[in-house]
Amino acid sequence: MAKAQVKLKPQLEVIKEEEIPHLLIPGEVGAVLELIVKDKDGKVTERREMRSKSFVRQFLELLWIQAFQIPEVAPYSIRDTGNTLQDICESGLIFACDGGVGVVTHGIIVGTGTTAPTIDNYVIETIIPHDAAPPTVGALQYSAVIFGAPASDATTSQFTITRDFANASGGAITVNEIALYVKGYKYNITCYFMTIRDVIAGGIAVPDGQTLTVNYREQAVV
Amino acid sequence: MLTAKLILERLDKEGRLLERREQPSRSFVQNFINLLYCAHAQITSGSPYPMTDIDGNARDIDGQSSSHYEKANLKVGSSPGTSGVYNSPGFHSSGSPYTGPSHLNTIVGENIGIQVGRGDTAVTPTDTKLEDRIYHGRYGVDGAPLVYTSYITGDDEDGHHGIYPDYQEGQSFQVHVPLHITSVKLKVFRTGSPGNMTVAIQKGDADGEPDGTDLGTKAVNCDAIAAASPGEWVTWTFATSIAIEPWITYCIVVRGGVNSSNELNWRNDGSSPTYQRGKLLYSSNGGVSWASSTSDDYMFEVWGQVEAGEEQIEYGGCELLSIAFADPNGQFTIRRYFTNNSGGSITVNEVGIYSVGTDCWNTHSSWAFLIARDIVSPGVAVADTEILRVTYVPQITV
């Protein structure tokens, strides 16, 4: 029997104003996490939406560096995803999460860890690797990250970060944790930092041949 | 989640605390999300993202930067008052680090960081500026109109072109206070009988040329003014004063006349003009389109006054203090001092934060954008010589 073909090209949908989810309260800046599992025909088999636990300390540190315009000559140290303190300064690379196909250094990352997030988390607990040569047990195919442009309604403004994770591993994979990795920079060196980490209660199962779409909708509510 | 506390403290001139208020900020607006989007998605100059700046202009913003990677997007720290703050758009000319034309990338310190204002309309995500911003300075209410900007010497030519239908002339200018223009004086003379000549005030467009919308007009019959060069000073007094904002380009537009034998001529300096805040403007199609000359300036005076409710307050630098973490929380502090030396009381009803957005490759420019705005109710009345300390404390909690 021919192996199920999984699609790696995420579909970008325009979010209409009336479809902006309202899970944050006034004064909050955060993220709404949407998880969608689709079969090979694109039929939705499971969908969940929840408030993200975001953000972890690296988000605030990178925001502070950019707001303060910390220069190369007096950098600030941040713990990267490799558990190394890196000297970081202001740059146009801060917060970049436009990871390409198969890239696990930046973009939305998935894992199997179940430990609750804490502010000092700097890496996903147990990463699900990219499946570069399917089928690979326990691996998913990471698509390129795509972005939905900002929109707003009467109270909420948001934009969306999307990534597809296709399962051609031969077996079901349960995703228990989601993270967002971004770039930081100093001295011609690009480093990677976790800014968001969420644990999904009970996990979300991605059957073999199906695709998990993760949407992080970063929002501000007035 | 990221939230913010807003703290307002009123101090006397010795720094003693008179009043303290603390409230949760409601404030991050869409421009904050827009700047995060440009950073996350690495929006390029080739496909920039449009945002509206604090002056109401549409600007193309990107998250791109060239070889040294610096980028001023999301900057909040700033110097005091009108001292210039250079903001890197992320552009480098070949072989030269940290460059970009400074005149396109310098923003006055008061336009970056914490802001105060008098507006009280509820915040919406699409707000792009404070409703009624209180400007930096020491000016209080004027007792009578004064000259706030002018160029009155060095005239050596009789104008770029005579003024009659189709041929309009103008002069752009800026003032340093929130002003109500009461009158304009121009050094002019007539040819023949030009009849009523209208002076209009229009806002400058992105090129500093008249945007076509009269903010106010006045017509004066010029059939009896000086009939030869070098002319005389003639006053156009507006029936209702015209409110304008500081450091925004506005234009004096002169139109009317009959034909080339019955026209108005406006004296200009065509050899070594030194007016720094504007340029000579001209139109040959009745104001439909304009061109400018930076090697000429017309002779003019702008008279006006600062009115009640437009007193200024002095902006200190916008400070960012150290970042701190104590599981499950993290926070840093943004703080600014505002000193009232206007001679009168100023009531603050709104506060906000202006940040920077830039364009790397197309214009190599930077502009200010509203990222946060809050209503303070009831307003805080800051008496003359008192100090208002405004503090935002952005916090995350896991």
Side-chain angles (χ1 to χ4, degrees), chain A residues 24-31 51-57 59-61 63-64 66-69 71-72 76 89-98 116-121 145-147 149-159 161 180 182-183 185 188 190 197 218-222, chain B residues 1-4 24-34 36-37 39-43 49 62-77 87-88 90 122-127 320 322-323 325-332 334 355-356 358 360 373 394-398:
Chain A
L24 275 58
I25 63 175
E28 287 187 326
V29 176
R51 282 168 59 101
S52 167
K53 286 286 282 185
S54 57
F55 301 94
V56 293
R57 66 179 288 157
F59 173 83
L60 199 67
E61 289 171 321
L63 181 62
W64 179 79
Q66 203 60 20
F68 213 168
Q69 290 282 284
E72 270 191 4
Y76 179 81
C89 63
E90 60 87 8
S91 88
L93 289 183
I94 279 186
F95 290 128
C97 61
D98 53 338
T118 71
I119 198 169
D120 293 319
N121 284 170
V145 177
I146 62 172
F147 300 87
S152 64
D153 63 16
T155 62
T156 304
S157 47
Q158 73 167 31
F159 71 94
I161 307 169
L180 183 68
V182 304
K183 290 181 181 178
Y185 169 84
N188 280 331
T190 301
R197 178 172 176 262
E218 291 201 9
Q219 295 186 337
V221 182
V222 300
Chain B
M1 294 296 159
L2 174 73
T3 57
S25 169
R26 289 282 296 260
S27 61
F28 290 98
V29 296
Q30 185 171 343
N31 272 345
F32 179 66
I33 291 293
N34 292 342
L36 282 180
Y37 165 69
H40 278 306
Q42 292 288 281
I43 297 300
Y49 185 72
D62 60 54
Q64 185 175 347
S65 53
S66 60
S67 62
H68 282 257
Y69 292 121
E70 74 272 5
K71 189 79 167 169
N73 287 14
L74 288 167
K75 173 192 278 190
V76 169
N87 305 284
S88 174
V123 179
T124 73
T126 51
D127 287 352
L320 273 81
S322 296
I323 194 169
F325 294 93
D327 192 9
N329 304 311
Q331 67 179 43
F332 64 88
I334 310 170
S355 182
V356 176
T358 63
C360 177
R373 178 173 173 254
Q395 302 172 308
I396 58 169
T397 300
V398 175

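Quick note on labels: first sequence line is chain A, next is B, and so on, each numbered from 1.
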Return the [atom1] to [atom2] distance between [X] and [Y], rounded to the nearest 0.5 Å.
X	Y	atom1	atom2	value
Phe332(B)	Glu61(A)	CZ	CD	11.0 Å
Phe147(A)	Gln42(B)	CZ	CD	8.5 Å
Asn73(B)	Ile94(A)	CG	CD1	11.0 Å
Ser152(A)	Ile33(B)	OG	CD1	10.5 Å
Phe32(B)	Leu63(A)	CZ	CG	5.0 Å

Do you know which of [options] has the most heavy-atom pairs under 4.5 Å to chain A?
options	result
Thr3(B), Asn87(B), Leu74(B)	Leu74(B)
Leu36(B), Val123(B), Thr124(B)	Leu36(B)
Ile334(B), Asn34(B), Ile323(B), Thr126(B)	Ile323(B)

Looking at side-chain heavy atoms only, is the closest gap between [X] and [Y] below 4.5 Å?
X	Y	answer
Val398(B)	Thr118(A)	no
Leu320(B)	Trp64(A)	yes
Pro150(A)	Tyr49(B)	yes
Asp98(A)	His40(B)	no

When you measure from the side chain of Gln30(B) to the backbone N and O of Thr156(A), does any donor-acceptor pair fall under 3.5 Å?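 Answer holds: no.
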Can you tell me if Glu70(B) uses its side chain to pair, donor with acceptor, with the backbone of Gln69(A) under 3.5 Å? no
Residues at least two apart in sequence or cross-chain that pass ring-ring contact (aromatic ring centres under 6.0 Å, His included) with Phe59(A), listed by chain then number, are Phe55(A), Phe95(A)
Cut-off 4.5 Å, heavy atoms of chain B, and the answer for Val182(A) is side chain
Residue part contacting chain B, namely of Leu24(A), when any heavy atom lies under 4.5 Å |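 The side chain, not the backbone.
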> By a 4.5 Å heavy-atom criterion (distance strictly below it), what part of Ala72(B) contacts chain A: side chain, backbone, both, or neither?
Replying inline: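 Both parts, heavy atoms under 4.5 Å.
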Exercise. Only counting residues at least two apart or in another chain, list the ones meeting salt bridge (Lys or Arg N to Asp or Glu O under 4.0 Å) with Asp120(A).
Key: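 Asp120(A): salt bridge (Lys or Arg N to Asp or Glu O under 4.0 Å) contacts with Arg57(A).
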